[in-house]
Number of protein chains: 2
Amino acid sequence: MKRIAESTVRRLSIYLSFLEDIGARGALTTSSDDLARLGGTTSAQVRKDLSFFGSFGKRGLGYSVPELSSRLREILGLERQWRVCIVGAGKIGSALARYAGFAERGFMVSGVYDSDPGKIGKQWGGVTVLDIADLERDIVARQYHIAVLAVPAEEAQVLVDRMVKAGIKAILSFAPTQITVPADVTLRTVNMAMELEGLTFALTNRGADR
Amino acid sequence: MKRIAESTVRRLSIYLSFLEDIGARGALTTSSDDLARLGGTTSAQVRKDLSFFGSFGKRGLGYSVPELSSRLREILGLERQWRVCIVGAGKIGSALARYAGFAERGFMVSGVYDSDPGKIGKQWGGVTVLDIADLERDIVARQYHIAVLAVPAEEAQVLVDRMVKAGIKAILSFAPTQITVPADVTLRTVNMAMELEGLTFALTNRGADR
DNA sequence: GCTAGCTTGTGAATTAAATCACAAGTTAGA
DNA sequence: TCTAACTTGTGATTTAATTCACAAGCTAGC
Ligand SMILES: NC(=O)c1ccc[n+]([C@@H]2O[C@H](COP(=O)([O-])OP(=O)(O)OC[C@H]3O[C@@H](n4cnc5c(N)ncnc54)[C@H](O)[C@@H]3O)[C@@H](O)[C@H]2O)c1
Ligand SMILES: NC(=O)c1ccc[n+]([C@@H]2O[C@H](COP(=O)([O-])OP(=O)(O)OC[C@H]3O[C@@H](n4cnc5c(N)ncnc54)[C@H](O)[C@@H]3O)[C@@H](O)[C@H]2O)c1
């Protein structure tokens with residue numbers, strides 16, 4: 001299989017969320033044109049994206065909403081439950097731990113870790129805050145699939161190294177810092193300062209370009 | 001001026017954060033090669049990115065850290081304060097409102113809005129939760145530059161429409177839904193479910209591709 | 001069973017982004 | 001002053017992503 005671009009994967013997520021939306025409203029079929037309109041892209045793009053994985057539509061008719069949803073869930077790996085741990089029980093970690101949207105999508109937050117003795121042992125909407133010292137042991141014992149990192153930037157790389165050593169293969173980081181991981185580990189970083197700077201760049205340079 | 005790609009702007013943010021890092025550690029000069037190594041790109045990419053905006057280095061020597069930092073801050077529009085409002089005082093809104101990282105970068109959270117009477121009037125680390133009914137008035141009166149949207153997905157588009165009508169030109173949304181804005185309004189969306197799906201895609205398809 | 005009207009799937013063409021590669025500056029040291 | 005060692009800035013080239021455009025396939029209606 002050809003290497004799939006990250007932009008394609010992002011769009012697949014978007015298509016899926018529309019399919020679930022219109023599926024919930026009773027739509028049984030849809031077209032690449034519908035998906036394109038909703039997702040702000042072109043119908044050729046939609047078809048090309050899907051074509052990397054197979055041929056899911058019927059010419060002249062379009063796509064079956066339930067079938068395409070299911071195929072996309074399969075492609076994205078959403079036909080199963082994923083065990084997630086959150087590392088860092090601070091402001092953002094706490095928001096994430098109690099976020100209902102994750103469970104709805106099959107992401108089970110089954111552990112939250114912190115180094116602050118004042119937080120360890122606290123109950124948080126069904127999850128207990130655990131001692132960061134047990135992180136490696138739990139990664140092995142509880143077989144977390146994904147770690148969400150919500151600690152100060154200075155701690156991020158060290159904790160990632162620990163987690164990688166313990167066998168974690170996927171990390172979502174909120175620390176605004178560059179982190180390096182081995183090639184077999186997937187890392188995504190959400191950097192809010194960078195998003196805001198994208199906005200201020202646009203506000204500042206509006207009119208000059210485009 | 002040529003249209004600048006979003007990927008270029010993102011990298012400029014990355015370069016700036018490195019410059020601030022090494023500048024704080026006393027470095028006076030740096031090279032495109034340094035920046036490339038730190039940012040996981042190539043030196044040619046760094047130089048090309050910068051070349052869209054001018055010529056900031058000295059051949060044979062590299063870049064002055066303070067000068068390049070300052071030029072990048074200028075380009076990104078960070079040489080000033082930006083007034084930010086947060087719309088939605090829930091779990092994520094509260095984390096954002098109390099996040100120190102914003103103020104450090106010149107983003108002043110000067111208003112938090114919610115529709116829940118139980119939350120309106122509460123004090124939150126120096127900011128009072130305000131009534132969403134006053135949103136339009138305040139966008140005009142307080143001249144917010146940026147709105148951060150942290151309400152349930154169902155409410156997102158309606159609130160965006162209200163804000164746009166009141167004159168807001170930049171929005172950062174955390175609602176996991178597609179939002180449309182006029183061409184003169186810049187919107188960035190942080191969709192955590194999508195980030196996680198990027199990870200599960202990689203976990204599921206590892207080995208098959210790449 | 002035939003036609004008109006759609007819509008897919010995909011090579012070909014185009015556009016955009018990243019990389020190469022090197023002339024042109026700059027500095028330090030002899 | 002001259003040379004050796006660097007590093008920038010940028011056209012040229014390559015690679016990647018997107019868009020075009022159309023044959024092929026499907027359905028509904030007659
Ligand atoms: N709060 C936000 O809205 C926000 C927004 C964007 C980015 N971030 C980033 O997310 C990260 C966390 O931010 P926050 O606002 O939640 O900070 P916070 O200070 O509220 O939380 C950080 C938590 O990490 C814990 N911690 C520190 N070192 C640790 C270690 N070695 N092992 C385990 N736990 C450790 C602390 O005890 C604390 O509970 C930071 O990198 C921050 O820049 C936060
Ligand atoms: N909590 C997280 O970690 C997290 C993560 C990713 C995405 N999100 C997204 O962020 C958004 C907020 O999530 P949350 O977890 O903070 O939810 P929440 O329910 O804790 O907060 C939502 C807040 O919005 C307020 N609100 C609702 N309608 C409003 C309106 N019309 N005007 C003003 N305020 C209104 C509610 O009163 C509530 O305080 C959601 O779209 C969610 O999907 C949250």
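Keep in mind that what you see is a predicted model, and the values were worked out from it rather than measured.
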Within the pair [X] and [N], is there a side-chain N or O less than 4.0 Å away from OP1 or OP2?
X	N	answer
B:Arg11	C:dA18	yes
A:Tyr63	D:dC26	no
B:Thr42	C:dT19	yes

Just compare [options] and give me whichever is closest to any side-chain atom of [X].
X	options	result
B:Arg47	C:dT19, D:dT18, C:dA21	C:dA21
A:Ser31	C:dT7, C:dT27, D:dT19	C:dT7
A:Lys48	D:dT27, D:dA17, C:dT10	C:dT10
B:Ala44	D:dT7, D:dA12, C:dA21	C:dA21

Find the distance between CG (B:Leu12) and CZ (B:Arg71) and round it off to the nearest 0.5 Å.
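B:Leu12 CG to B:Arg71 CZ: 12.5 Å, rounded to 0.5 Å.
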Between A:Ser51 and A:Gly60, which residue's closest nucleotide on DNA chain C lies nearer the 5′ terminus?
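Final value for this comparison: A:Gly60.
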Atom pair distance, as rounded to whole Å: [atom1] in [X] and [atom2] in [N]:
X	N	atom1	atom2	answer
A:Gln45	C:dA13	CD	P	19 Å
B:Phe52	D:dT8	CZ	C1'	16 Å
B:Asp49	D:dG9	CG	P	12 Å
A:Phe53	C:dT8	CZ	P	18 Å
A:Leu61	C:dG9	CG	P	11 Å
A:Asp33	D:dA21	CG	P	16 Å
B:Arg59	C:dA28	CZ	P	18 Å
B:Leu35	D:dT7	CG	P	12 Å

Classify the side-chain pair [X]/[Y] by whether it contains a donor and acceptor separated by less than 3.5 Å.
X	Y	result
A:Asp134	A:Tyr113	no
B:Arg47	B:Ser32	yes
A:Glu195	A:Asn191	no

A:Ser7 or B:Leu50: which one's nearest nucleotide on DNA chain D is closer to the 5' end?
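So the residue in question is B:Leu50.
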What nucleic acid atoms does A:Thr8 come within less than 4.0 Å of, heavy atoms only: base, sugar-phosphate, or nothing?
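Contact class for A:Thr8: none.
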Is the side chain of A:Gln143 donor-acceptor paired with the backbone N or O of A:Val140 at a distance under 3.5 Å, no angle test?
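Side chain of A:Gln143 to backbone of A:Val140, a donor-acceptor pair under 3.5 Å: yes, one is there.
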